[in-house]
Q: 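Structure in structure tokens, see below.
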Amino acid sequence: MQPRLRAELWVRAYLKRLELNNIPAYVAARGQPDSGAVMIKCATLDGLAKLYTRTFDYEADCDIWTVLTEGPEAEVDQSIRKQRSFDPDLWVIELEARHGRTLLDEDGLKD
């Protein structure tokens, strides 16, 4: 397993990659700069959204992005509020992508 980048550095790099791909995004919640966890909310502009979180896959021995929750955007927002209530160091990035494109499956982001 490779060491993780500082959370703030990873967020900045991810936002830049989204910008280069014309995917609007912003930091909805700032977490701990060094080691805060990161969640990605993808709103598909039809009232629905998905919330991604990075988890460790023990079989593959690496981090992977998984969907924590999906459905009506208001319910996804409620899930974010709940997560932040017990993890104030959590970063939340919100992006808008009609087709759900997050880039999380691309090299440098997927693990």
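Heavy atoms only: backbone and side chains are in, while hydrogens, waters and symmetry mates are out. If you read the sequence from its start, that first residue is 1, and numbering goes on from there.
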Q: Do Glu70 and Val67 touch side chain to side chain, with heavy atoms closer than 4.5 Å?
A: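 Touching, per the 4.5 Å side-chain cut-off.
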Q: Check for me, please, whether Val11 and Tyr26 land in the same ILVMFWY cluster - side-chain distances under 4.5 Å, paths through other members count.
A: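 No; tracing contacts between hydrophobic side chains, which count when under 4.5 Å, never links both residues.
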Q: Answer with yes or no whether the hydrophobic clustering places Ile40 together with Leu18; edges join I, L, V, M, F, W, Y residues whose side-chain heavy atoms lie under 4.5 Å apart.
A: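 Cluster IDs for Ile40 and Leu18 match.
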Q: Nearest 0.5 angstrom please: Cys42 SG to Arg101 CZ, how far?
A: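 If I round to the nearest 0.5 Å, the distance is 11.0 Å.
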Q: Below 30° counts as parallel, above 60° as perpendicular, anything between as tilted: where do the rings of Phe56 and Tyr58 land?
A: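 Ring orientation of Phe56 relative to Tyr58: perpendicular.
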Q: List the steps and the verdict of side chain to side chain contact (heavy atoms under 4.5 Å, CB included) for Tyr14 and Leu95.
A: CA-CA 11 Å; Tyr14 182 55; Leu95 58 102; 3.3 Å; yes
Q: Report the distance from atom CD of Glu94 to atom CD of Glu73, rounding to the nearest 0.5 Å.
A: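 One finds 7.0 Å between CD of Glu94 and CD of Glu73.
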Q: Quick one: closest heavy-atom pair of Gln83 and Leu68, and the distance?
A: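 Gln83 and Leu68 have their closest heavy atoms at NE2-CD2, 3.9 Å.
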Q: Measure the spacing between OG1 of Thr69 and NZ of Lys50 and express it to the nearest 0.5 Å.
A: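 Thr69 OG1 to Lys50 NZ: 11.0 Å, rounded to 0.5 Å.
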Q: Judged by atom type as modelled, is there a donor-acceptor pair below 3.5 Å linking the side chain of Asn21 to the main-chain atoms of Ile23?
A: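 Looks like no, no N/O pair under 3.5 Å.
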Q: Measure the spacing between CG of Leu104 and CZ of Arg17 and express it to the nearest 0.5 Å.
A: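 The CG atom of Leu104 sits 10.0 Å away from the CZ atom of Arg17.
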Q: Taking the side chain from Arg84 and the backbone from Leu90, do they hold a donor-acceptor pair closer than 3.5 Å?
A: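 Between the backbone of Leu90 and the side chain of Arg84 there is a qualifying donor-acceptor contact (under 3.5 Å).
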Q: Would you call Lys41 and Asp77 a salt bridge, using N to O less than 4.0 angstrom?
A: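 Yes, Lys41 and Asp77 are salt-bridged.
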Q: Might you point out which heavy atoms bring Ala49 and Ala43 nearest each other, and give the distance in Å?
A: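 The pair with the smallest heavy-atom distance is CB-CA, 4.0 Å.
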Q: Say you draw a straight line from NZ of Lys82 to CD of Gln78; how long is it, rounded to the nearest 0.5 Å?
A: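 If we round to the nearest 0.5 Å, Lys82:NZ and Gln78:CD are 8.5 Å apart.
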Q: Show your reasoning for whether side chain to side chain contact (heavy atoms under 4.5 Å, CB included) applies to Arg98 and Thr44.
A: CA-CA 4 Å; Arg98 189 170 307 283; Thr44 52; 5.9 Å; no
Q: Do Val38 and Trp10 touch side chain to side chain, with heavy atoms closer than 4.5 Å?
A: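 Yes, at least one pair of side-chain atoms sits under 4.5 Å.
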Q: Going hydrophobic residue to hydrophobic residue with side-chain gaps under 4.5 angstrom, can you get from Val92 over to Leu15?
A: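 Shared cluster, no.
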Q: Please round to the nearest 0.5 Å and tell me the distance separating atom CD of Glu106 and atom CG of Leu103.
A: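 Output value for this atom pair is 4.5 Å.
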Q: Going hydrophobic residue to hydrophobic residue with side-chain gaps under 4.5 angstrom, can you get from Val27 over to Trp65?
A: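 Result: yes, single cluster for both.
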Q: How far apart are the closest heavy atoms of Ser79 and Leu51, and which atoms are they?
A: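 Of all heavy-atom pairs spanning Ser79 and Leu51, the closest is OG-CD2, 3.9 Å.
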Q: Counting only N and O atoms by type, is there a donor-acceptor contact under 3.5 Å from the side chain of Trp91 to the main-chain atoms of Gly36?
A: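 Judged by distance alone, no pair lies under 3.5 Å.
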Q: Quick one: are Ile64 and Thr66 in side-chain contact, heavy atoms under 4.5 Å?
A: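 Answer yes - side chains close enough.
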